[in-house]
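Keep in mind it's a predicted model, so treat the numbers as computed, not measured. We name chains A, B, ... by the order of the sequence lines, and we start the count at 1 in each one.
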2 protein chains.
Amino acid sequence: MERTPRERMVYSCAQLVRTRGATGTSVRDVVEHAHAPRGSFQHYFPGGKDQLVGEAVLWGADFAVERVRAYRRTARRPTPSGLFRHMAGQWKDEFTQRGFERGCPIMAATADLAGTGSKVRAQLAEGLRRWERAVAEELVAMDVPARRARRLATVMISALEGAIMSARLHEDVAPLTAVAATLAPVLDG
Amino acid sequence: MERTPRERMVYSCAQLVRTRGATGTSVRDVVEHAHAPRGSFQHYFPGGKDQLVGEAVLWGADFAVERVRAYRRTARRPTPSGLFRHMAGQWKDEFTQRGFERGCPIMAATADLAGTGSKVRAQLAEGLRRWERAVAEELVAMDVPARRARRLATVMISALEGAIMSARLHEDVAPLTAVAATLAPVLDG
DNA sequence: TCACGGGTATGACGATTGTCATGAGGCTAC
DNA sequence: GTAGCCTCATGACAATCGTCATACCCGTGA
């Protein structure tokens, strides 16, 4: 199923962080979840837990970036609202197929670490920036002016993140449908 | 400012949770932050940490509800976009005046506890529901149809929560301004 | 006066946390 | 062979976690 023990640890860390939060995830749990040798953690991550969580967060961000880019390849006639529906739809699939236990790793880590002087903060900001840039680039490819594209990207990601949180609490994907439907005219207008 | 030790503990818990997350907040820290006698915690909160965090989360939700209701009293000509700008504006004030360390307690606790079988989950859902209902009620008072009001309330809170997260990571209130400006035509239309 | 109980104080418990020290396998290079 | 490095194994460390047990203080009511 997976790659090297190191990659598995990063992946497992991302999965655990987005369900239990960064502080609620212990390195021992990550090692066990990844079926990785316990002694390898300190070998691959001499920077300790911060390094592991930082890489997990960036992994999640790059995963989201890839999802965003995938839309252009699947859509016959790409539109901003279509991209947003694409992003929201993938979270609806996640929730309906795997339940509401897992959220967004960036949000999870931000909630725990943004207020503390953690070193992971920088990687969280970097991850969000990559995600926003990817969305903005896709919008520009749909002939949206660059300035407006950046603003819409911020709004799309904000609304999506909030809807994810709301959906998890309500255990209902309705918020995701709501934001997608409501924002559609603004995005395309 | 100065209430009973019990109230101070709930308030302090909310403040700590929204900066370090629920798992990252220890009861000892709460007791110290509240300048409360350490032995009083188990006396006022026989339900343990879950009870304390649960009450803190509901406290935060009711605080948000009151903020929402306050708009009608201050605005001369209330509009949906005005209400949303009001909500976003208070968070801009929070960030510019007190820094980006503190976020929304509901989001913070959700990130940590929504994926675990915690008893606090129910109170998180209840808190969000109160907040959404308050916003919807204000919209109805502005002659927005009930069904549309509920949908817009979900969208407003989702966008706001996501913008809060984005603002904290970027250490910039721009996302809050962006969502407020972008959503305005949809809300009033 | 004395019993009572709400509030406070203090210490300890077992469990878990992140991190480190130490050492053993197993492979390549010489 | 054997030296050396990458990888893994194991145990222990101090610190912190949530929780509990116990006892003290002190105002009130009988």
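In this structure, the side chain to side chain donor-acceptor pair (under 3.5 Å) partners of B:Gln90, at least two apart in sequence or on a different chain, are B:His86. Not counting sequence neighbours, the partners of A:Arg77 by the side chain to side chain contact (heavy atoms under 4.5 Å, CB included) test are A:Thr79. Applying the side chain to side chain donor-acceptor pair (under 3.5 Å) rule to B:Asp188 yields the partners B:Ser81; only residues at least two apart in sequence or on another chain are considered. For A:Arg150, the side chain to side chain donor-acceptor pair (under 3.5 Å) criterion is met by no residue, not counting sequence neighbours. Residues passing the side chain to side chain contact (heavy atoms under 4.5 Å, CB included) test with A:Arg121, sequence neighbours excluded: A:Ala114, B:Glu171. Every residue meeting the side chain to side chain donor-acceptor pair (under 3.5 Å) condition with A:Thr182, not counting sequence neighbours, appears here in chain and number order: B:Arg151.
Counting to the nearest Å, the C1' atom of C:dG18 and the CD atom of A:Gln42 are 11 Å from each other. For the pair B:Arg6 CZ and C:dT8 P, the interatomic distance rounds to 12 Å; values are reported in whole Å. Going from atom NE2 of A:His43 over to atom P of C:dT19 covers 17 Å, rounded to whole Å. Regarding A:Gln51, its CD atom lies at a distance of 14 Å from the C1' atom of C:dG18, rounded to whole Å.
Salt bridge present: A:Glu94 and A:Arg18 bring a charged side-chain N and a carboxylate O closer than 4.0 Å. Salt bridge annotation for B:Arg69-B:Glu137: present, with a cationic side-chain nitrogen under 4.0 angstrom from a carboxylate oxygen. Checked for salt-bridge contact, B:Glu66 and B:Arg130 miss the test: no charged N lies under 4.0 Å from a carboxylate O.
Listed pair B:Tyr44 / C:dT8 meets the phosphate criterion, a side-chain N or O lying under 4.0 Å from OP1 or OP2.
Protein chain B contacts DNA chain D from D:dC17 to D:dA21, reading 5' to 3' and using non-hydrogen atoms of the protein with a distance under 4.0 Å.
Taken residue by residue, residues 20-39 of chain B places heavy atoms nearer than 4.0 Å to DNA chain D at B:Thr25, B:Ser26, B:Val27, B:Arg28, B:Arg38. Listed by residue number, there are no residues of residues 106-123 of chain B with a heavy-atom contact under 4.0 Å to DNA chain C.
Pairs of residues two or more places apart, or lying in two chains, that qualify as side chain to side chain donor-acceptor pair (under 3.5 Å) and include a residue from residues 42-53 of chain B are B:Gln51-B:Glu55. Applying the ring pair (Phe, Tyr, Trp, His ring centres under 6.0 Å) test to pairs two or more places apart or on separate chains, those with a residue in residues 97-144 of chain A are A:Phe95-A:Phe100.
More than 12 heavy atoms of other shown residues, nucleotides or ligands fall within 6.0 angstrom of atom CZ in B:Arg98.
For B:Arg28 and B:Phe41, the positive end is not near the middle of the six-membered ring at less than 6.0 Å and at most 45° from its axis.
Direction change of the helix axis from one end of the helix from C:dT1-D:dA30 to C:dC30-D:dG1 to the other is 10°, with five pairs defining each end axis (rounded to 10°).
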